[in-house]
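A short worksheet on the structure shown next.
Any value given below was found using the heavy atoms of this structure, including those in side chains, with hydrogens, waters and symmetry copies removed.
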Amino acid sequence: PPLPATGGDTSGMADPAPVILAISKNLAIQSQARLDGVICVVDAKNVLGRLNEETEKGKINEAFEQISFSDALILNKIDIIKPDELLEVRDRIREINSFARIIPSVKCQINLDEIVNLRSHDLAHTERQLEKAEEHEEFLRIEEENMCELDHEHGEILFLFFDFFC
């Protein structure tokens with residue numbers, strides 16, 4: 001019997017397009033599974049630097065590409081940046097991808113229901129997805145008022161990963 005859900009992780013800086021294309025064009029996979037969504041963990045502390053990195057001629061900034069292909073973005077480390085930085089990060093993400101759900105997190109602690117059964121590639125669920133995105137945008141506005149600055153160091157973790165659920 002087919003698995004109810006499975007995931008794939010391409011931790012680090014990976015180009016999501018070939019993976020998405022391989023899944024969507026493979027009839028054997030399509031007969032057993034569906035691409036539910038692309039989830040990306042965004043390091044709120046370092047993402048602007050990654051997005052501003054210069055790329056070689058003819059290449060695309062991978063952070064930009066990952067954000068643009070994502071259906072949901074887990075905006076991590078919101079506890080270690082200032083409220084104005086959080087807004088700048090959110091606005092920059094919205095410039096790149098205005099449809100992805102932004103899920104604020106600390107140490108990647110989220111409700112798994114936020115990233116499972118997204119049905120992002122199912123038009124019938126588009127309206128629900130947009131409503132969820134609005135809820136998280138409201139959280140980010142409220143969180144701006146309640147954030148405190150923490151004066152301690154955090155080690156850098158891998159910047160982005162993608163999970164594919166079927």
Side-chain angles (χ1 to χ4, degrees), residues 1-48 50-51 59-79 81 86-87 89-143 156-166:
L3 295 172
T6 189
D9 177 5
T10 60
S11 290
M13 300 299 283
D15 180 358
V19 179
I20 295 168
L21 188 61
I23 291 171
S24 64
K25 296 291 182 183
N26 187 311
L27 295 177
I29 292 174
Q30 286 181 6
S31 70
Q32 297 293 313
R34 66 177 165 78
L35 176 60
D36 187 49
V38 177
I39 298 103
C40 174
V41 175
V42 177
D43 180 337
K45 177 89 174 150
N46 297 301
V47 67
L48 294 178
R50 300 286 182 160
L51 289 169
K59 296 211 176 199
I60 296 174
N61 179 297
E62 287 180 332
F64 178 91
E65 193 168 30
Q66 289 177 341
I67 290 171
S68 66
F69 275 96
S70 293
D71 299 305
L73 298 150
I74 301 171
L75 185 56
N76 194 38
K77 297 186 182 180
I78 64 169
D79 59 321
I81 63 172
L86 178 61
L87 293 176
V89 167
R90 183 205 58 200
D91 291 346
R92 183 70 184 275
I93 288 170
R94 281 286 163 244
E95 286 175 12
I96 297 167
N97 185 338
S98 60
F99 295 103
R101 184 184 315 175
I102 298 176
I103 305 165
S105 73
V106 174
K107 297 183 180 180
C108 282
Q109 296 295 309
I110 63 165
N111 180 341
L112 288 180
D113 289 339
E114 297 285 356
I115 61 169
V116 177
N117 203 24
L118 294 175
R119 303 189 71 90
S120 296
H121 300 266
D122 182 345
L123 292 176
H125 290 84
T126 301
E127 185 175 310
R128 181 180 155 267
Q129 193 176 358
L130 291 173
E131 288 171 3
K132 284 282 198 179
E134 290 171 4
E135 289 172 18
H136 287 293
E137 291 297 322
E138 180 62 22
F139 172 84
L140 288 175
R141 282 190 287 278
I142 293 168
E143 188 66 17
E156 187 168 337
I157 60 170
L158 291 174
F159 177 55
L160 302 173
F161 74 85
F162 290 83
D163 283 341
F164 300 91
F165 297 92
C166 37

**OP:** Could you please spell out the steps behind the side-chain contact (heavy atoms from CB on, under 4.5 Å) verdict for Arg92 and Leu48?
**Re:** CA-CA 8 Å; Arg92 183 70 184 275; Leu48 294 178; 3.8 Å; yes

Original post:
Counting distance only, does the side-chain N/O of Arg94 pair as donor-acceptor with the main-chain N or O of Val89 below 3.5 Å?
Top reply: no

Original post:
So how far is it from Lys45 NZ to Asp79 CG, rounded to the nearest 0.5 Å?
Top reply: 10.5 Å

Subject >> Side chain Asp36, main chain Val116, donor-acceptor under 3.5 Å >> reply: no

**OP:** Enter the distance from Ile39:CD1 to Arg101:CZ here, rounded to the nearest 0.5 Å.
**Re:** 9.0 Å

Original post:
In Å and rounded to the nearest 0.5 Å, what is the CD1 to CD1 distance from Ile96 to Ile67?
Top reply: 4.5 Å

Original post:
So among Ile103, Asp43, Val41, Ile102, which one has a side chain to side chain contact (heavy atoms under 4.5 Å, CB included) with Leu75?
Top reply: Ile102

Original post:
Considering residues at least two apart in sequence or located in another chain, which fulfil the side-chain contact (heavy atoms from CB on, under 4.5 Å) criterion with Leu21?
Top reply: Ser24, Lys25

Subject >> Whether Asn76 side chain and Lys107 backbone form a donor-acceptor pair below 3.5 Å >> reply: yes

Original post:
CG of Leu51 to CD1 of Ile93: how many Å apart, nearest 0.5 Å?
Top reply: 8.0 Å

**OP:** Grab the two heavy atoms, one from Ala72 and one from Ala100, that are nearest each other, plus how far apart they are.
**Re:** N-CB, 4.3 Å

**OP:** Heavy atoms only: give me the nearest Asn61-Arg50 pair and the separation to one decimal.
**Re:** ND2-O, 2.9 Å

Original post:
Can you tell me how far CD of Glu65 sits from OG of Ser70, rounded to the nearest 0.5 angstrom?
Top reply: 10.5 Å

**OP:** Sequence neighbours left out, what passes side-chain contact (heavy atoms from CB on, under 4.5 Å) with Asn111? Give chain and number order.
**Re:** Asp113, Glu114

**OP:** Give the minimum heavy-atom separation between Ile110 and Ser105, together with the two atoms involved.
**Re:** CG2-CB, 3.7 Å

